[in-house]
**Student:** 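One structure is given below, represented as structure tokens, and several questions about it will come after.
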Amino acid sequence: MSNPVKEFNEYRAKMNEKLLADNNKIVKRIFNLDTNAYAEGALDVKTKELLGLVASTVLRCDDCIKYHLETSHKEGITKEEMMEAMGIATLVGGTIVIPHLRRAYEFWEALENSNE
């Protein structure tokens with residue numbers, strides 16, 4: 001049986017390594033900016049991850065949604081909190097994000113099952 005969480009993380013790590021090894025200054029700076037943007041600040045990490053999740057859903061980026069779901073899960077965000085954020089994302093993004101909502105829910109279930 002496949003493990004979607006493991007597959008996503010392995011692919012992401014492999015490709016990030018290749019991208020960063022290419023030594024492109026712009027790409028490296030964007031990666032660094034992204035990392036620093038989600039660090040603790042005036043907003044806590046949980047809030048920032050939920051903001052990233054909503055934005056990624058509205059923008060319909062499944063890889064980004066998975067990343068924010070996993071980080072949110074690690075930060076202790078509950079299923080109820082995640083679903084409330086996804087409800088806002090669906091309201092803002094409209095019905096076109098429903099397929100992403102489905103995949104997000106499925107990935108969240110995989111995250112829950114991977115910790116059992």
Side-chain angles (χ1 to χ4, degrees):
M1 182 174 263
S2 70
N3 181 335
V5 175
K6 183 180 177 193
E7 290 171 10
F8 172 73
N9 285 323
E10 287 175 353
Y11 175 76
R12 184 175 179 274
K14 178 181 87 174
M15 294 312 297
N16 282 353
E17 186 177 317
K18 288 182 178 195
L19 287 168
L20 294 172
D22 203 37
N23 210 24
N24 181 294
K25 188 186 291 188
I26 295 169
V27 171
K28 284 187 173 190
R29 286 183 177 173
I30 290 172
F31 272 55
N32 184 269
L33 179 62
D34 183 67
T35 298
N36 288 324
Y38 289 95
E40 190 80 24
L43 295 174
D44 61 25
V45 173
K46 287 182 177 184
T47 301
K48 288 182 175 187
E49 287 302 328
L50 289 174
L51 288 169
L53 177 61
V54 169
S56 296
T57 303
V58 171
L59 293 169
R60 301 185 308 253
C61 176
D62 283 331
D63 278 7
C64 301
I65 292 168
K66 288 177 182 177
Y67 173 80
H68 289 294
L69 284 171
E70 183 169 16
T71 307
S72 294
H73 190 262
K74 287 178 182 174
E75 288 294 322
I77 288 171
T78 66
K79 184 177 185 178
E80 291 76 22
E81 291 169 321
M82 179 274 297
M83 283 304 298
E84 190 165 324
M86 292 302 286
I88 292 168
T90 305
L91 174 67
V92 172
T95 56
I96 197 165
V97 305
I98 290 173
H100 303 276
L101 176 63
R102 289 184 194 117
R103 288 189 289 273
Y105 195 91
E106 180 180 38
F107 195 76
W108 186 267
E109 285 182 331
L111 287 166
E112 289 180 323
N113 292 332
S114 68
N115 287 341
E116 292 179 353

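Residue numbers run from 1 in the order of the sequence given.
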**Student:** Only pairs under 3.5 Å count here: list side-chain donor-acceptor contacts from residues 99-107, not counting sequence neighbours, and write none if there are none.
**Tutor:**
unit_1: His100; atom_1: ND1; unit_2: Asp62; atom_2: OD1; d: 2.7
unit_1: His100; atom_1: ND1; unit_2: Arg103; atom_2: NH2; d: 3.2
unit_1: Arg103; atom_1: NE; unit_2: Asp62; atom_2: OD2; d: 2.8
unit_1: Arg103; atom_1: NH2; unit_2: Asp62; atom_2: OD2; d: 3.0
unit_1: Tyr105; atom_1: OH; unit_2: Lys79; atom_2: NZ; d: 2.8

**Student:** Is any side-chain heavy atom of Glu70 closer than 4.5 Å to one of Asn9?
**Tutor:**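 When only atoms from C-beta onward are counted, Glu70 and Asn9 do touch, with a gap below 4.5 Å.
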
**Student:** Carefully, step by step, assess Met86 and Met82 under the rule side-chain contact (heavy atoms from CB on, under 4.5 Å).
**Tutor:** CA-CA 6 Å; Met86 292 302 286; Met82 179 274 297; 3.6 Å; yes

**Student:** Going only through I, L, V, M, F, W and Y residues with side-chain contacts under 4.5 Å, is there a path from Leu91 to Val58?
**Tutor:** no

**Student:** May I ask you to check whether over 12 heavy atoms, not counting those of Glu17, lie within 6.0 Å of atom CD?
**Tutor:** no

**Student:** Rounded to the nearest 0.5 Å, what separates atom OG in Ser56 from atom CD in Glu49?
**Tutor:** 9.0 Å

**Student:** Hey, what do you get for CG (Leu111) to CD1 (Ile77), rounding to the nearest 0.5 Å?
**Tutor:**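 One gets 11.5 Å once the value is rounded to the nearest 0.5 Å.
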
**Student:** Within this structure, what is the CG-CG distance for the pair Asn113 and Asn3, rounded to the nearest 0.5 Å?
**Tutor:**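 Reported to 0.5 Å precision, the distance equals 9.5 Å.
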
**Student:** Are Lys66 and Arg12 packed together at the side-chain level, in the sense that at least one heavy-atom pair is separated by less than 4.5 angstrom?
**Tutor:**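 Contact flag for Lys66/Arg12 side chains = no.
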
**Student:** Would you say Leu43 ends up clustered with Val45 if hydrophobic residues are merged whenever their side chains have heavy atoms under 4.5 Å apart, either directly or through other cluster members?
**Tutor:**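 No; Leu43 is not reachable from Val45 via cluster members.
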
**Student:** Indicate every side-chain donor-acceptor pair of residues 24-33 with a distance under 3.5 Å to a residue at least two apart or in another chain.
**Tutor:**
unit_1: Asn24; atom_1: OD1; unit_2: Ile26; atom_2: N; d: 2.9
unit_1: Asn24; atom_1: OD1; unit_2: Val27; atom_2: N; d: 3.0
unit_1: Lys28; atom_1: NZ; unit_2: Asn23; atom_2: OD1; d: 2.8
unit_1: Asn32; atom_1: OD1; unit_2: Asn36; atom_2: ND2; d: 2.8

**Student:** Please tell me if the side chains of Thr71 and Tyr38 come closer than 4.5 Å, counting only heavy atoms from C-beta onward.
**Tutor:**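 Heavy-atom side-chain distance check fails, nothing below 4.5 Å.
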
**Student:** Between Glu10 and Lys6, is there a side-chain N and carboxylate O pair less than 4.0 Å apart?
**Tutor:**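 Looking at Glu10 and Lys6, the cut-off is met.
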
**Student:** Linking I/L/V/M/F/W/Y whenever their side-chain heavy atoms sit closer than 4.5 Å, directly or via other members, would Val5 and Phe8 fall into one cluster?
**Tutor:** yes

**Student:** Say whether Leu69 and Leu50 are linked into one hydrophobic cluster, either directly or through other cluster members, by side-chain heavy-atom distances under 4.5 angstrom.
**Tutor:**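 Yes, same cluster.
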
**Student:** If a pair satisfies side-chain hydrogen bond (donor to acceptor under 3.5 Å, both in side chains) and one of its residues is in residues 81-97, list it, with sequence neighbours excluded.
**Tutor:**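 Qualifying pairs: Thr78-Glu81.
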
**Student:** Is any side-chain heavy atom of Ser72 less than 4.5 Å from a side-chain heavy atom of Lys46?
**Tutor:**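 A side-chain contact under 4.5 Å is absent here.
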
**Student:** Write down the atom of Gly41, the atom of Lys48, and the distance for their closest heavy-atom approach.
**Tutor:** N-NZ, 4.0 Å

